[in-house]
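What follows is a set of notes on a single structure, which appears directly below.
Counting from 1, the numbers follow the sequence of the chain as shown.
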Amino acid sequence: MALLAEHLLKPLPADRQIETGPFLEAVAHLPPFFDCLGSPVFTPIKADISGNITKIKAVYDTDPAKFKTLQNILEVFLQSICDGERDENHPNLIRVNANKAYEMALKKYHGWLVQKIFKAALYAAPYKSDFLKALSKGQNVTEEECLEKIRLFLVNYTATIDAIYDMYTKMNAELDYTV
């Protein structure tokens with residue numbers, strides 16, 4: 001779990017304004033998370049997230065003072081694992097968790113072809129034990145210790161993502177097209 005725990009998002013201030021610089025610094029470490037899934041099938045997802053971070057950073061870098069203040073598949077996926085959701089017939093597979101996250105966060109933005117590609121990619125998802133070991137970066141920790149660190153990561157991550165969604169809603173900036 002060291003991969004996520006080393007770069008926690010800061011707690012949100014009372015006004016729920018997200019500071020762009022620290023946010024970008026923390027999320028810049030999310031793309032390697034997809035390497036923990038152990039398959040090159042997840043490379044396009046990693047590239048998409050990296051591209052989105054790069055785009056936000058490019059805007060921010062044009063005027064950091066102006067853009068001082070600013071979601072959800074990673075949160076749903078990790079929370080699902082922490083909550084113990086699983087396929088009873090294959091309890092060590094994380095496909096159920098990844099599928100739930102996809103259904104809740106991204107499916108509505110994807111057309112038929114991308115949805116089928118994602119469904120195929122699910123079969124390359126690692127076992128839960130291998131995934132948690134990869135997140136722990138080889139540290140000798142128990143499953144429960146790793147899950148506790150995921151829960152710790154999710155505290156500020158969830159609050160930050162909720163603030164971003166609130167901002168999108170207030171600005172009527174929700175995307176209404178599919179890729």
Side-chain angles (χ1 to χ4, degrees), residues 1-39 42-43 45-54 56-57 60 68-88 90-106 121-122 124-169:
M1 191 48 222
L3 180 66
L4 296 177
E6 289 174 1
H7 306 284
L8 297 174
L9 288 161
K10 292 182 177 183
L12 283 175
D15 65 2
R16 296 176 46 89
Q17 295 296 306
I18 301 164
E19 289 187 52
T20 308
F23 172 79
L24 287 171
E25 174 62 30
V27 299
H29 300 281
L30 289 178
F33 160 83
F34 289 92
D35 296 335
C36 295
L37 296 174
S39 173
F42 298 99
T43 301
I45 298 167
K46 179 181 174 182
D48 182 49
I49 290 172
S50 295
N52 291 336
I53 292 168
T54 300
I56 294 170
K57 185 166 178 15
Y60 173 71
K68 182 175 173 21
T69 62
L70 274 187
Q71 193 149 45
N72 186 337
I73 192 165
L74 179 60
E75 176 188 357
V76 174
F77 174 67
L78 292 175
Q79 189 64 55
S80 176
I81 290 175
C82 286
D83 291 345
E85 294 180 32
R86 64 183 187 203
D87 177 344
E88 293 301 325
H90 306 283
N92 199 28
L93 294 179
I94 60 172
R95 273 184 253 165
V96 166
N97 312 101
N99 190 55
K100 178 179 181 178
Y102 179 75
E103 294 283 332
M104 291 180 69
L106 294 176
L122 283 178
Y127 290 110
K128 178 181 173 183
S129 55
D130 293 337
F131 174 68
L132 294 177
K133 184 177 178 180
L135 279 181
S136 298
K137 293 173 109 178
Q139 296 176 355
N140 190 17
V141 296
T142 66
E143 179 177 319
E144 189 50 45
E145 289 170 322
C146 190
L147 292 174
E148 188 54 40
K149 289 188 179 187
I150 291 173
R151 289 181 190 100
L152 175 67
F153 168 80
L154 286 171
V155 170
N156 293 335
Y157 181 82
T158 301
T160 301
I161 296 302
D162 288 348
I164 291 170
Y165 275 130
D166 289 348
M167 178 185 69
Y168 278 13
T169 300

Cationic N near anionic O, under 4.0 Å, [X] to [Y]:
{"X": "Asp35", "Y": "Lys46", "result": "yes"}
{"X": "Lys10", "Y": "Glu19", "result": "no"}
{"X": "Lys100", "Y": "Glu103", "result": "no"}

Look up atom [atom1] in [X] and atom [atom2] in [Y], then write down how far apart they are to the nearest 0.5 Å.
{"X": "Lys128", "Y": "His90", "atom1": "NZ", "atom2": "NE2", "result": "15.5 Å"}
{"X": "Tyr127", "Y": "Arg95", "atom1": "OH", "atom2": "CZ", "result": "8.5 Å"}
{"X": "Leu78", "Y": "Leu154", "atom1": "CG", "atom2": "CG", "result": "5.0 Å"}
{"X": "Gln139", "Y": "Glu145", "atom1": "CD", "atom2": "CD", "result": "9.5 Å"}
{"X": "Leu8", "Y": "Lys149", "atom1": "CG", "atom2": "NZ", "result": "10.0 Å"}

Where Ile94 and Ile81 come nearest, the two heavy atoms and their spacing: CG2-CD1, 4.3 Å
Where do Ser80 and Asn97 come nearest, in terms of heavy atoms and distance? OG-ND2, 2.8 Å
Which of these, Asp162, Ile150, Leu9, Leu152, sits in a side chain to side chain contact (heavy atoms under 4.5 Å, CB included) with Tyr157? Leu9
Phe131 and Phe77: CA distance, side-chain angles, deciding distance, ring pair (Phe, Tyr, Trp, His ring centres under 6.0 Å) verdict: CA-CA 12 Å; Phe131 174 68; Phe77 174 67; 5.4 Å; yes
If you define the side chain from C-beta out and look only at heavy atoms, does anything of Ile45 sit under 4.5 Å from Leu37? no
